[in-house]
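For reference, positions follow the sequence shown, starting with 1. In each ligand, atom 1 is the first atom listed, and ligand 1 is the first ligand listed.
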Amino acid sequence: MIIIGEKINGTIPNVKRAIEEKNEKFIGDLAIKQADAGADYIDVCAGTTPEIEVDTLKWLMEIVQNTVHKPLCIDSPNPKTIETVFKYAKQPGIINSVSEENDKCEVIYPLIKGTDWQVIALTCDNRGIPSDVQTRIDITKILVEKAGNYGITPDKIHIDPLVIAVCTDNQSLLKFIETTKTIKEMYPTIHITSGLSNISFGMPLRRIINQNFLTLAMYAGMDSAIMDPCNREMMATLLATQVLLGQDRHCRKFTNAYRKGKIGPKKE
Ligand code: THG
């Protein structure tokens with residue numbers, strides 16, 4: 001599993017405050033905690049008004065890069081913002097994200113052409129998030145085909161099928177699974193990613209729903225997640241699922257995480 005740590009996001013109230021107060025230590029600590037917990041990439045999202053988004057992202061990127069050696073996942077709905085801050089990244093990471101909305105692909109794909117950068121591609125377009133499987137597949141084909149025009153191969157792409165809250169559509173997970181399986185059949189080397197908390201909006205006991213979503217989605221072929229690696233129950237679920245799916249030889253990752261106190265009882 002590719003773990004993208006989600007905690008440096010200006011839409012989270014205490015992160016928003018740290019950004020306003022220019023609290024470098026708070027942001028740096030979030031980077032360290034996530035890296036220690038097992039994040040492969042550190043997502044940075046300003047979550048601010050467009051006027052100060054570029055400056056905020058640059059500031060976040062600099063702190064993370066001066067604190068940990070993990071690559072970034074640059075998270076902005078605005079491709080122009082990503083284009084502007086891209087040059088401040090010290091090593092290739094992930095762009096979050098492109099989609100079939102407006103000219104996103106045409107701005108982002110040339111930027112990462114010929115590099116080791118990866119990209120998250122959302123299955124939505126100017127009509128919004130599709131409620132059916134077929135439209136998600138159709139959009140995926142276009143996103144992958146356009147990437148190919150820039151020499152960007154499927155192994156560099158993480159498709160995010162944009163899971164809808166299950167209280168809004170009780171077929172939501174089943175559609176996600178069908179989408180995931182079909183895309184993996186079409187492009188065996190592609191990655192499938194998702195946020196883990198969208199599924200449970202509007203529900204009680206969200207953590208239980210999110211954990212079970214992770215297990216079922218991994219079984220269907222999801223191999224990347226935007227998540228809180230400091231959520232110990234979620235990490236235990238992730239590692240246990242890897243064991244059960246034969247993705248953890250000799251159960252080594254699971255037992256090592258347990259020995260180090262990263263899952264199960266805390267060790268000091
Ligand atoms: N897809 C893609 N990018 C995304 C999302 C997605 N970026 C933003 C978002 N969704 C993922 N990021 C977050 C960040 C924080 C939280 C949820 C999603 C959040 N955090 C709580 C906190 O940190 O306090 C609690 C986390 C927990 O305990 O699990 O709610 O879907 N491509």
Side-chain angles (χ1 to χ4, degrees), residues 2-19 26-27 29-31 33-34 37-48 53 56-57 60 64 72-79 81-82 93-101 104-105 108 117-124 128-129 136 139-140 143 156-166 168 172-173 176 179-180 183 190-214 217 222-238 263:
I2 298 162
I3 298 173
I4 304 166
E6 71 185 11
K7 292 185 86 76
I8 303 181
N9 189 314
T11 62
I12 302 172
N14 55 8
V15 178
K16 183 177 193 289
R17 200 173 322 120
I19 291 171
F26 185 90
I27 302 296
D29 284 349
L30 280 181
K33 277 184 205 156
Q34 293 186 98
D40 299 301
Y41 296 85
I42 307 290
D43 192 275
V44 283
C45 176
T48 46
E53 192 193 11
T56 305
L57 259 183
L60 292 173
V64 173
L72 296 167
C73 176
I74 306 176
D75 191 345
S76 168
N78 185 348
T81 298
I82 295 175
I94 303 176
I95 300 287
N96 187 7
S97 55
V98 299
S99 72
E100 263 298 284
E101 292 164 289
K104 283 190 175 186
C105 290
I108 300 298
W117 280 82
Q118 301 171 54
V119 62
I120 296 176
L122 313 178
T123 61
C124 63
I129 300 176
R136 285 183 168 91
I139 294 174
T140 298
L143 291 163
K156 296 281 198 296
I157 304 173
H158 300 236
I159 297 292
D160 182 340
L162 289 173
V163 63
I164 290 166
V166 73
T168 309
S172 171
L173 175 82
F176 177 91
T179 305
T180 297
I183 294 172
I190 213 163
H191 302 288
I192 304 286
T193 197
S194 178
L196 301 186
S197 51
N198 305 334
I199 190 76
S200 63
F201 277 120
M203 297 278 285
L205 293 178
R206 291 190 61 181
R207 293 168 85 97
I208 297 290
I209 296 175
N210 297 346
Q211 285 167 36
N212 285 283
F213 166 72
L214 177 67
M222 185 176 82
D223 62 348
S224 163
I226 305 147
M227 60 180 281
D228 178 1
C230 305
N231 177 338
R232 294 169 62 88
E233 287 173 9
M234 186 63 88
M235 279 305 276
T237 299
L238 186 152
I263 55 172

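- In this structure, T81 OG1 and L57 CG are separated by 7.0 Å, a value rounded to the nearest 0.5 Å.
- The two atoms that bring E53 and S76 nearest to each other are OE2-OG, 2.7 Å, heavy atoms only.
- The shortest contact between atom 15 (C) of ligand 1 and any protein heavy atom is with I12 CD1, 3.4 Å.
- Residue-level proximity to ligand 1 for D75 is carried by the side chain, the only part with a heavy atom below 4.0 angstrom.
- In this structure, atom 31 (O) of ligand 1 is in close contact with the protein, since a protein heavy atom lies within 4.0 Å of it.
- A distance-only check finds no donor-acceptor pair linking the side chain of R136 to the backbone of T123 [under 3.5 Å].
- Interface of K7 with ligand 1, defined as ligand atoms under 4.0 Å from a residue heavy atom, comprises 23 (O).
- None of I2, T193, L214, D160 except one satisfies the side-chain contact (heavy atoms from CB on, under 4.5 Å) rule with M222; the exception is L214.
- Looking at S172, its side chain does come within 3.5 Å of a backbone N or O of I164 through a donor-acceptor pair.
- The protein atom (non-hydrogen) at minimum distance from atom 29 (O) of ligand 1 is N231 ND2, 3.3 Å.
- Taking CD1 of I159 as the reference point, atom OG1 of T179 lies at 10.5 Å (rounded to 0.5 Å).
- Residue-ligand proximity, R207 to ligand 1, at heavy-atom distances under 4.0 Å covers atoms 28 (O).
- If you look at S197 next to ligand 1, the close heavy atoms, those under 4.0 Å, all belong to the side chain.
- Within 4.0 Å of atom 21 (C) of ligand 1, not a single protein heavy atom is present.
- Counting protein heavy atoms only, atom 1 (N) of ligand 1 is closest to D160 OD2, 2.7 Å.
- Between N198 and ligand 1, at least one N/O pair is under 3.5 Å apart.
- If you check which protein heavy atom lies closest to atom 27 (C) of ligand 1, you get D228 OD2, 3.6 Å.
- Side-chain contact of H191 with S224: a donor-acceptor pair under 3.5 Å is absent, judged by distance alone.
- Residue G195 approaches ligand 1 through these ligand atoms, each under 4.0 Å from one of its heavy atoms: 31 (O).
- Annotation for L60 and V44: closest pair CB-CG1, 4.1 Å, computed over non-hydrogen atoms.
- In this structure a side-chain-to-backbone donor-acceptor pair under 3.5 Å is present from Q34 to E6.
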field: side chain to side chain donor-acceptor pair (under 3.5 Å) evaluation trace for N9 with T11
entry: CA-CA 5 Å; N9 189 314; T11 62; 2.7 Å; yes
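- Distance from atom 16 (C) of ligand 1 to its nearest protein heavy atom, with residue and atom name: E6 OE2, 3.4 Å.
- Heavy-atom proximity to L122, at under 4.0 Å, picks out these atoms of ligand 1: 32 (N).
- Every atom of ligand 1 is numbered from 1 in the order shown, and the set under 4.0 Å from a heavy atom of I226 is 1 (N), 2 (C), 3 (N), 11 (C), 32 (N).
- Here the shortest heavy-atom pairing between A37 and P229 reads CB-O, 3.3 Å.
- Close N/O approach between N96 and ligand 1 is found [any backbone or side-chain N/O within under 3.5 Å].
- Within a 4.0 Å radius of atom 9 (C) of ligand 1, the protein contributes no heavy atom.
- Each of the atoms 32 (N) of ligand 1 lies under 4.0 Å from some heavy atom of I120.
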